[in-house]
Amino acid sequence: MKAPAVARLYEVLAARYGPQGWWPLAGRAGRLGFDGRGYHPGVYRVPGPRERFEVAAGAVLTQNTSWGNAEAALRALLAAGLLSPGALLDCSPQRLARLIRPSGYYNQKARKLRGLAVYLEGLASGRAQAPTREALLALWGLGPETADSILLYAWHRPVCVVDAFTRRLLRRLDWIEGREGYEELAALCSRGLAVEVPVYQEFHALVVRHAKEHCRAAPECRGCPLAGRLCRAASAPGLGTRP
DNA sequence: GCCCAGGAGCATA
DNA sequence: TATGCTCATGGG
């Protein structure tokens, strides 16, 4: 496991793709890292309550699901006026499940959203403290990736998010064996990065961007910024396209 | 038709 | 602890 190389990976991806400004929002067709005029790295707006809930709901809806499908569900919730904990809890589980149907697993995700809404509403009516990782993980249906996405993007807590794309990329780079647990991979990433919220946010967003453009399930190694520098997968048998 | 997509819970060995 | 099954829609 090569933590220092993670810093290099971040540099190369950032140079290729530029600032990503995550998390994506369905509400006003934007991204959290952008304001109305443009992108301001290092000046990241702290999300307001409505955006926080949209991020949290989106993190649940995109579980094992393409963002496009999750966004369709998010737009349905927005159109129904349900993008707040209170409004969502006033909606029947059946109607909620119907609205988020495009995201798949809609019965499970409806239950997850309700549990999340109960918790966040309790937070808001209390002393408005930030959610804790432990409390999020204790909710039914929230695992480490979903919890960390919420903490990092909605509450700007410096935690590394590891997803299937991250795992696949690190595996193709041959930096991991592939069976490591979530916490181990998160530790690996965080050791190589400055402990700063924008860096963690951008790193995760860049990995997803790269995984969608090049490091796909069926690799597209032509034009890959890592090929021949950090990654040798293109020359591995059965992987990628040779130049 | 098949594969894939920002996972997580649960049963079983 | 680790592996396999389940949940489900929509785009390529």
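Order of the sequence lines fixes the chain letters, A, B, ..., with proteins taken first and strands second; residue numbering starts at 1 for each chain.
The same atom, P, is picked in B:dG6 and in C:dC7; the two are 22 Å apart, to the nearest Å. Using atom C1' as the reference point in both B:dC2 and C:dA8, the two lie 16 Å apart (nearest Å).
Every pair passing salt bridge (Lys or Arg N to Asp or Glu O under 4.0 Å) that includes a residue from residues 9-26 of chain A is listed here, sequence neighbours excluded: A:Arg8-A:Glu11.
Side-chain N/O atoms of A:Ser66 include none lying less than 4.0 angstrom from OP1 or OP2 on B:dC4. At B:dA5, one or more side-chain N or O atoms of A:Arg168 fall inside 4.0 Å of OP1 or OP2 (strictly under the cut-off).
The CG atom of A:Leu61 sits 13 Å away from the C1' atom of C:dA8 (whole-angstrom rounding). Atom C1' of nucleotide B:dG9 and atom CG of A:Leu136 are separated by 17 Å, given to the nearest angstrom. Rounded to an integer number of Å, the gap from A:Glu184 CD to C:dT1 C1' is 14 Å. In this structure, A:Arg167 atom CZ and B:dA5 atom P are separated by 14 Å, rounded to whole Å. The distance between atom NZ of A:Lys212 and atom P of C:dG12, rounded to the nearest whole Å, is 13 Å. In this structure, A:Trp67 places its CH2 atom 20 Å from C1' of C:dG12, rounding to the nearest Å. Whole-Å rounding puts the A:Arg111 CZ to C:dA8 C1' distance at 17 Å. When the P atom of B:dG6 is taken as reference, atom OH of A:Tyr182 falls 16 Å away, rounded to whole Å.
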- Task: Start with the C-alpha distance between A:Leu74 and A:Trp67, add both sets of side-chain angles, then the distance that settles side chain to side chain contact (heavy atoms under 4.5 Å, CB included), and finish with yes or no.
- Result: CA-CA 10 Å; A:Leu74 218 40; A:Trp67 177 252; 3.9 Å; yes
- Task: Using the side chain to side chain contact (heavy atoms under 4.5 Å, CB included) rule, take A:Leu151 and A:Val161 through it: C-alpha gap first, then chi angles, then the decisive distance, then the call.
- Result: CA-CA 9 Å; A:Leu151 290 170; A:Val161 175; over 6 Å; no
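Expressed to the nearest 0.5 Å, how far NZ of A:Lys112 lies from OH of A:Tyr106 amounts to 14.5 Å. In this structure, CG on A:Leu226 lies 11.5 Å from CZ on A:Arg172, to the nearest 0.5 angstrom. From A:Leu113, atom CG reaches atom SG of A:Cys91 across 10.0 Å, with rounding to the nearest 0.5 Å. Atom OG1 of residue A:Thr65 and atom CG of residue A:Leu61 lie 8.5 Å apart, to the nearest 0.5 angstrom. The distance from atom CD1 of A:Ile150 to atom CG of A:Leu120, rounded to the nearest 0.5 Å, is 7.0 Å.
In terms of position along DNA chain B, the nucleotide closest to A:Ser149 lies nearer the 5' end than the nucleotide closest to the other residue of the pair A:Leu139 and A:Ser149. Taking the nucleotide of DNA chain B with the nearest heavy atom to each of A:Gly141 and A:Asp163, the more 5' of the two is matched to A:Asp163. Each of A:Lys109 and A:Arg179 was matched to the nucleotide of DNA chain C holding its nearest heavy atom; the match closer to the 5' end belongs to A:Arg179.
Checking C:dT9, C:dT3, B:dG7 against the side-chain heavy atoms of A:Asn69 singles out C:dT9 as nearest. Side chain of A:Glu145, nearest nucleotide from C:dG10, C:dA8, B:dA8: B:dA8. With B:dG9, B:dA8, C:dT9 as the candidates, the nucleotide lying closest to the side chain of A:Trp140 is B:dG9.
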Protein-nucleotides 5-7 of chain C N/O pairs under 3.5 Å:
| unit_1 | atom_1 | unit_2 | atom_2 | d |
| --- | --- | --- | --- | --- |
| C:dC7 | O2 | A:Gln108 | OE1 | 3.3 |

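Among the atoms of the strands shown, none is found under 4.0 Å from any heavy atom of A:Arg216. Contacts of A:Ser103 with the nucleic acid, taken as non-hydrogen atoms under 4.0 Å apart, are absent.
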